[in-house]
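The structure under discussion appears below in the form of structure tokens.
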Amino acid sequence: MTLTVAIIGSGPSGMYLADRLAKKLPDSQIDVIDRLPTPFGLVRAGVAPDHQGTKKVINQYEKLFSQPGIRFLGNVEVDRDVTIAELKQFYDAVVIATGAQVDRKLGIEGEDLKGVYGSAAFVGWYNGHPDYRDLTPVHHHIRSAVVIGNGNVSIDISRVLVKEPGEMEESDLCEHARAAIHNAEVETVYLAGRRGPIEASFTPPELRELGKLESAIPVIENTALPDDLPDWVDTSVPEGRVRSKNLEIFKSFQELDASSAQKKIHLLFQASPAAILGNDQGEVRAVRFERTEIDGNGKATGTGEFFEVPADLVVTAIGYRSRALAGVSFDDKRGGYPNEDGLIEENVYVVGWGKRGPSGTIPTNRADSFQVADRLIADLGDGQSKGGPEALNRLLVERGVRVTTAKDWQLIDQLEVNRATGPAPREKLTRVQDMLDSLD
Ligand code: NAP
């Protein structure tokens, strides 16, 4: 049995799907399409620049592109260069693996002030995503930043804001962001969660890192740490054990000496953002929070008591939505694709954050994409073997699209590695035109 499959998106969920399909049906033709000239989605542009170990997974993905049945087609944007309807004509199956790249909104006053960014934009900026290259979120006068949300993304952002240049030397933090962050004088980060420390979505290795920074110390605000876990936490399941470990780590933070710390990360719990406040120039100056109470099930309710913290920069890290693609149903409320175990409609599937919502790490996507790949194979039975790749090639040539290939990526990759200085692993190209020009 062979199939022709178009996968839209070359991040982890798309690459794991390609991997599984290729292993199970080695004669299949799999085209991995990406709107950027460079592959690997969130591993390149989402994973923190100082988490190089996590980025090593790219080596596995790259090997897939050396297999004969798997192609990379970069710089091809669905809805700009080709539609899902066209892909459906060309391929036996189309799989949406575009992730969730749009910031969720808080829906409070002041969210549009200058100096307020969503985490997709902010992380995209420091990671050199071309969409966010021209943002200027960090100025030299920034002293106090507020990061809203208690997930791992909020930890990444807080950490990157306070790390010393030396601590980022071995990272691939892009030069424009490196200069801006290190010229800024961020002394204080408020990392704010609307619920308490037990309810936070942090995972222990990431949380632990906050206690190991050169000049910044985490300080727990606003709440007393409980001696024990509440009844609703079940430590016989992994999630409960994570909460238990987090509590131990929070307790260890209280033993750190913050008195001489140059920088502080205030872990502000039970603080629900009520409004973002600006000055006469429309720039952010503070965030007003409502204190919350946590009930016996970990749910937060407002107490009617408000307080403000100063903010020269606000980053909301409260989750993401997927972007709707034309011609397939989309759940606008949830911000994802309605699906039944990955199936959206006949021959159209979804994997990753577009399927499950914006949660889970790279290994979560692996297991999930494998399941969808197996389902796709079972559903399609004997492939109808539409003429996929050739038909798409013709259409893209007709439309004058400059498609980048896996070989092109190797060239860009090498160029980026060569541009790096000191122990940095690479200096990314951050503009699409520069990437394309580098190939001429
Ligand atoms: P997340 O883990 O879902 O955290 C989102 C946070 O936003 C939660 O604390 C949530 O609070 C809060 N929030 C949502 N709406 C809010 C509102 N209206 N007001 C205030 N707070 C609000 O999401 P994430 O940090 O974006 O991470 C996404 C996924 O990527 C996660 O699975 C994460 O573990 C993973 N990730 C992993 C790593 C790593 O392994 N190093 C790094 C980055 C991301 P409630 O709990 O109260 O809803």
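Both ligands and their constituent atoms are indexed starting at 1 by order of listing.
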Please determine if V153 has a nitrogen or oxygen closer than 3.5 Å to a nitrogen or oxygen of ligand 1. yes

Starting from atom 8 (C) of ligand 1, find the nearest protein heavy-atom neighbour and note its residue, name and distance. N150 N, 3.8 Å

Contact region, S119 to ligand 1, non-hydrogen atoms below 4.0 Å, reads neither

Atom 30 (O) of ligand 1: nearest protein contact (heavy atom, Å): W353 CZ2, 3.5 Å

With a 4.5 Å limit on heavy-atom distance, are the side chains of M15 and V57 in contact? no

Strictly below 4.0 Å, N to O, side chains only: are R35 and D81 in salt-bridge contact? no

Would you mind checking which non-hydrogen protein atom is closest to atom 28 (C) of ligand 1, with the distance to 0.1 Å? P358 O, 3.4 Å

Is the shortest side-chain N to carboxylate O distance from E340 to R375 below 4.0 Å? yes

Side chain, backbone, both or neither: T54 near ligand 1, heavy atoms under 4.0 Å: neither

Please state whether Y320 comes within less than 4.0 angstrom of ligand 1, counting heavy atoms only. yes

Between the side chains of T203 and N152, does any donor sit under 3.5 Å from an acceptor? yes

Assess the side chains of T430 and Y132: does a donor N or O sit below 3.5 Å from an acceptor N or O? no

I'd like to check whether T361 has a polar contact with ligand 1, where a contact means an N/O of the residue lying under 3.5 Å from an N/O of the ligand. no

Residues E283, H139; criterion side chain to side chain donor-acceptor pair (under 3.5 Å); working and verdict: CA-CA 12 Å; E283 295 158 343; H139 301 280; over 6 Å; no

Could you tell me whether some N/O pair between N152 and ligand 1 is separated by less than 3.5 angstrom? yes

Just need the protein heavy atom nearest to atom 35 (C) of ligand 1, so name the residue and atom and give the distance. G360 O, 4.0 Å

Tell me the nearest of E206, E199, R194 to atom 20 (C) of ligand 1, using heavy-atom distances. R194

Where is the nearest protein heavy atom to atom 1 (P) of ligand 1: which residue, which atom, and how far? G151 CA, 4.2 Å

Protein heavy-atom partner closest to atom 2 (O) of ligand 1 - residue, atom, separation in Å: S201 CB, 3.4 Å

Residue, atom and distance of the protein heavy atom nearest atom 19 (N) of ligand 1 read L106 CD2, 3.5 Å

Which part of T203 is near ligand 1, with near meaning a heavy atom under 4.0 Å away: side chain, backbone, both or neither? neither

For atom 46 (O) of ligand 1, the closest protein heavy atom turns out to be R195 NH2, 2.8 Å

Run the ring pair (Phe, Tyr, Trp, His ring centres under 6.0 Å) test on F269 and F250 for me, step by step, so that the C-alpha distance in whole Å, both residues' side-chain angles and the decisive distance to 0.1 Å come before the verdict. CA-CA 12 Å; F269 293 109; F250 287 130; 5.4 Å; yes

Under a 4.0 Å heavy-atom limit, does S272 contact ligand 1 with its side chain, its backbone, both, or neither? neither

